[in-house]
There are 2 protein chains.
Amino acid sequence: MYTQGFGVSTGDLSRITRFDSYDRSVHSRDHPERVRKGMTTQKRRRPGETRDMLMEAALTLVGRGRHFASLGIREVTRQAEVVPTSFYRHFRNMDDLGLTLVDELGVVLRGMMREARANVLHADKLMDESVAIFVNHVQSNRNFFTFMAQGLAGESQAIQQGIRNEMQFFASELANDLRNLRLLTHLSDEDLDMACELVVRTVAFSLTDILSISPEDEEELTRIRRQTTRFLRMIFIGADHWQSS
Amino acid sequence: MYTQGFGVSTGDLSRITRFDSYDRSVHSRDHPERVRKGMTTQKRRRPGETRDMLMEAALTLVGRGRHFASLGIREVTRQAEVVPTSFYRHFRNMDDLGLTLVDELGVVLRGMMREARANVLHADKLMDESVAIFVNHVQSNRNFFTFMAQGLAGESQAIQQGIRNEMQFFASELANDLRNLRLLTHLSDEDLDMACELVVRTVAFSLTDILSISPEDEEELTRIRRQTTRFLRMIFIGADHWQSS
DNA sequence: GCCTCGTGTGTACGGTTGTTCACATCTTGT
DNA sequence: ACAAGATGTGAACAACCGTACACACGAGGC
C-alpha cells in the first residue's frame, strides 16, 4: 500500500517526504561503471568485517565521551560508514552489541593477566609491576575500559552482570597465582578470595581515575600509579596480619 | 535533486502537521469554568515545586532502570506531568539538571554522616554500625545513589567531577572523625587520608553491589553487609600495621 | 548453469526529540 | 489597583530515530 506511492497516489499523499537519505557523508565510493538501476556497487568486505566495524564504531563514540546507553543504532552505523539497515544483519539491538563487547573485554583482560604473569617473577616488585602493566593496558585500550567502567552501573542488567563476572574471574585467577607464588599462605581459601576481590575492586576504581584525566598527563598518571600501589600495599599488609578464624 | 520529488507541490508547504500534542496522559485537570480562549487553567504550585518535580522525575526514571545519560527532556517532563517547555524555565539542559542533583547528593551524604556520628559512640562496633547505616541510607535513597553510581563513569565531565568531590570531602571528614576518636594515631595525616580514601572507595563499590540486587532480597543484602565489613576490617588492619616512613 | 544464503543498499513510514514563539496566568511590590 | 517578573501552556518545526521491506549482489554447493 504505502510503498509504491509516487506520481498521483490517491491515498494519504501530500506528505512531502524529503528522502530520508541517511547522511552518507563524503565517502560515497560509487564505482562508476557498476551502477545499474540506480543501485550502487556493493562494497566487498571480508566476512564479519562490518560487524567488527560496528563494534569499533560504538567504542569510538564511547571513547569520544558519549555514554554507551545514549548511543543509537543510526549513530553507530553512521560512524561505521554503513547503512542503518545493515545493523540488523549482525545485532538485534544495542544491548546485543554491548554484550558482544563484554565478551571481547574478557579477551583483553586475559591478555593483560598473561602479560602480568610473564613479567612479575619475583614478589618484591610485584605490585609496582602489576600496577604499571594495568595502567599501560588501560592506556592502549582506553575505549574498551571506558565502556567497562560505564557498564558497571549501566543500563542493561545483562551487561552489568557480564562485567561483574569478568571481574570475579579475574579475582579468582589472581588468588590462584598468589597460591602458586607461595604468598599469603596462612589465609584460608575463602579469605584469600576475599582479599583478591578487594584488590580487584580497588584497581577497578583506579580505572575511573585514569579515565578521568587526559591520556597525555604523565604527571597525574604517575600520581595515580603511586596512589594505587599504596592502596594495594595497605591491603596486602592487612591480609598479611589477617587471621583466618 | 532528490528532495522535492512529489506531485505538484510548488513550494515546500502543504505539510500535514498533525498536532504535536505532547501526550498529556490522563491527568488533564482543566478547571472547567476557567477556560478562556482555549487555554486551560494554570496549575498553582508553590514556588520551585515544578523544579523539584523535574528532579524527582529524573530520579524516578533512573530508579526504574534507565541511565541518566539516555534521558531526554521530553521524557522527564512527561514523567513530571509538566509541559516540555517548562523545563527551560528551570534548567538549561539535562546536564544542568544533573549538576543540581549532585548538589543535593551532598546533602544526603552529609545527613548520613551526621547519623553515623551520632550512633557510633565506641570503636568496637564502629564498622558494623557504619556499614549498616550506609546500607540503610542506600535503601531509602535508592534512586539518588543509583544516579551517583551512574555518574561516576558518566557522560558529563562536570557531574563526574562533582561526585568525585563529594566522595573526597566525605573521606576527609572521616579522617577527622578518626582523629577525634583517637584511632590510627600513629599514621601521618597524609597516610590517614589515604586510608580513608580507600575506605570510601570500597564502600562506594559496595554501593553497586547493593543496587544490583532486588531491594527486598534480605539474604543477599546481609551477605553484602558482611562482605563490606570484612573488606573494611582488612583495610583497618593494614592501616594499623602501616608505618608512615 | 542454476539456486540459495548471507550480507549490503535504497527508500519509506510513523513516531519522538530539542527548541522556539507567543501567549496566559499567578505572585509580589508598590 | 497596577505594573513587573516569574512561571506555566499550546502549537509548531525541522531533525532524527527505530524499524520494515524489497531489491542487489557475491560466494558456495549442486
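In the text below, chain A, chain B and the rest are named by the order of the sequence lines, each starting its count at 1. No experiment lies behind these values; they were computed from the predicted model shown.
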Exercise for the section: For A:R51, check salt bridge (charged side-chain N to carboxylate O under 4.0 Å, His left out) against everything at least two apart and list the hits. Expected result: none

Practice task
Using atom CG of A:L71 as one end and atom C1' of D:dC16 as the other, report the distance to the nearest whole Å.
Solution key: 15 Å

Practice task
Round to the nearest Å and state the distance from A:D96 atom CG to D:dT19 atom P.
Solution key: 12 Å

Problem - Heavy-atom side-chain contact between A:V138 and A:L211 under 4.5 Å - result: yes

Exercise for the section: Kindly point out which of C:dG8, D:dC17, C:dT17 is positioned nearest to the side chain of A:R89? Expected result: C:dG8

Fill in the blank from the handout: Assign each of A:T85 and B:R51 the nucleotide of DNA chain D bearing its closest heavy atom; nearer the 5' end lies the nucleotide of B:R51

Handout entry: Spacing between A:I73 atom CD1 and C:dT16 atom C1', to the nearest angstrom
Key = 15 Å

Handout entry: Sequence neighbours excluded - ring pair (Phe, Tyr, Trp, His ring centres under 6.0 Å) pairs with any residue from residues 90-111 of chain A
Key = A:F87-A:F91

Problem - Residue whose nearest DNA chain D nucleotide is more 5′ - B:H90 or A:R92 - result: B:H90

Problem - Nearest-neighbour nucleotide for the A:V83 side chain, C:dT17, C:dT9, D:dG18 considered - result: C:dT9

Handout entry: Short side-chain N/O contact from A:R78 to OP1 or OP2 of D:dC16, under 4.0 Å
Key = no

Exercise for the section: Rounded off to whole Å, could you give me the CG-to-C1' distance for the A:D95 and D:dG18 pair? Expected result: 14 Å

Exercise for the section: Find the distance A:R74:CZ to C:dT9:P and express it as a whole number of Å. Expected result: 15 Å

Exercise for the section: Give me the ring orientation class for B:H67 and A:H67: parallel if the planes are under 30° apart, tilted from 30 to 60°, perpendicular past 60°. Expected result: tilted

Fill in the blank from the handout: note: B:F91, atom CZ; C:dT19, atom C1'; distance rounded to Å ~ 17 Å

Exercise for the section: Only one of A:E173, A:E166, A:E115, A:E104 passes salt bridge (charged side-chain N to carboxylate O under 4.0 Å, His left out) with A:R110; say which it is. Expected result: A:E166

Completion exercise
B:Y88 has its side chain closest, among C:dG18, D:dT7, D:dG10, to C:dG18

Exercise for the section: Can you tell me the distance, in whole Å, between the CG atom of A:L54 and the P atom of C:dT9? Expected result: 11 Å

Fill in the blank from the handout: Atom CZ of A:F87 and atom P of D:dG18 are separated, to the nearest Å, by 9 Å

